[in-house]
Amino acid sequence: MENSVTAGIISAKNRRLQVAKRMYEEIFQTDAAINPGNSGGPLINLNGEVVGLNAFIIQSSQCLGFAIGIDALKTQLEQYVFK
């Protein structure tokens, strides 16, 4: 499958989450399926606006899915793209 789409609900916003030694801010918890090969895709609201980037799951927690919020991504991208 080259292209795929999944649907889900954001069940929590603005969470802080530590994965390994990195702290993530503005994380969305979602029930959208995030699996190897489809992470990294945009999380889009009903208006077609990108609100985050599907990033990872925590398998030991019932496979909860998490997306990095767009505002946090913009801050990071500005360091690399807009210089």
Side-chain angles (χ1 to χ4, degrees):
M1 286 189 265
E2 285 186 32
N3 299 310
S4 64
V5 175
T6 188
I9 296 171
I10 294 175
S11 55
K13 299 186 331 183
N14 298 323
R15 294 192 65 181
R16 294 181 72 214
L17 186 65
Q18 183 169 342
V19 177
K21 294 182 180 182
R22 183 171 182 175
M23 181 63 71
Y24 291 89
E25 306 283 340
E26 297 185 41
I27 296 292
F28 294 123
Q29 181 178 325
T30 178
D31 68 350
I34 301 173
N35 299 299
N38 77 343
S39 60
L43 183 65
I44 299 171
N45 67 15
L46 292 175
N47 295 323
E49 302 163 326
V50 175
V51 296
L53 179 74
N54 293 312
F56 48 86
I57 60 171
I58 298 179
Q59 291 180 335
S60 62
S61 297
Q62 301 174 346
C63 292
L64 295 176
F66 297 92
I68 301 169
I70 192 68
D71 291 337
L73 290 171
K74 284 180 183 179
T75 302
Q76 294 296 315
L77 286 174
E78 288 173 358
Q79 294 179 21
Y80 303 105
V81 178
F82 301 111
K83 282 190 172 185

Enquirer: Do F66 and Y24 make the cut of ring centroids closer than 6.0 angstrom?
Expert: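 Here the rings of Y24 and F66 have centres that are no less than 6.0 Å from each other.
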Enquirer: Judged by atom type as modelled, is there a donor-acceptor pair below 3.5 Å linking the side chain of Q18 to the main-chain atoms of A20?
Expert: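 Yes, Q18 side chain to A20 backbone: donor-acceptor pair under 3.5 Å.
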Enquirer: Who passes side chain to side chain contact (heavy atoms under 4.5 Å, CB included) against E49, sequence neighbours left out?
Expert: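 By the side chain to side chain contact (heavy atoms under 4.5 Å, CB included) rule, E49 matches N45, N47.
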Enquirer: Quick check: is V50 connected to L43 through a chain of hydrophobic side chains (ILVMFWY, heavy atoms under 4.5 Å apart)?
Expert: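 Cluster IDs for L43 and V50 differ.
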Enquirer: If Ile, Leu, Val, Met, Phe, Trp and Tyr residues are connected whenever their side-chain heavy atoms lie under 4.5 Å apart, and connections chain through other members, are V51 and L53 in the same group?
Expert: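 Hydrophobic grouping puts V51 apart from L53.
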Enquirer: Looking at G52 and L73, what are the two nearest heavy atoms and their distance?
Expert: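 Smallest interatomic distance, heavy atoms only, reads C-CD1, 4.4 Å.
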Enquirer: Report whether I10 and I70 are members of the same hydrophobic cluster (ILVMFWY, side-chain heavy atoms less than 4.5 Å apart, transitive linking).
Expert: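 Each belongs to a different hydrophobic cluster.
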Enquirer: Please name the pair of heavy atoms, one in I34 and one in G65, separated by the smallest distance, quoted to 0.1 Å.
Expert: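 Smallest heavy-atom distance, with atoms named: CD1-CA, 3.9 Å.
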Enquirer: Kindly determine whether I27 and I68 satisfy side-chain contact (heavy atoms from CB on, under 4.5 Å), including the steps that lead there.
Expert: CA-CA 5 Å; I27 296 292; I68 301 169; 3.9 Å; yes
Enquirer: Hey, what do you get for NZ (K13) to CD (Q29), rounding to the nearest 0.5 Å?
Expert: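 Here the rounded value is 13.5 Å.
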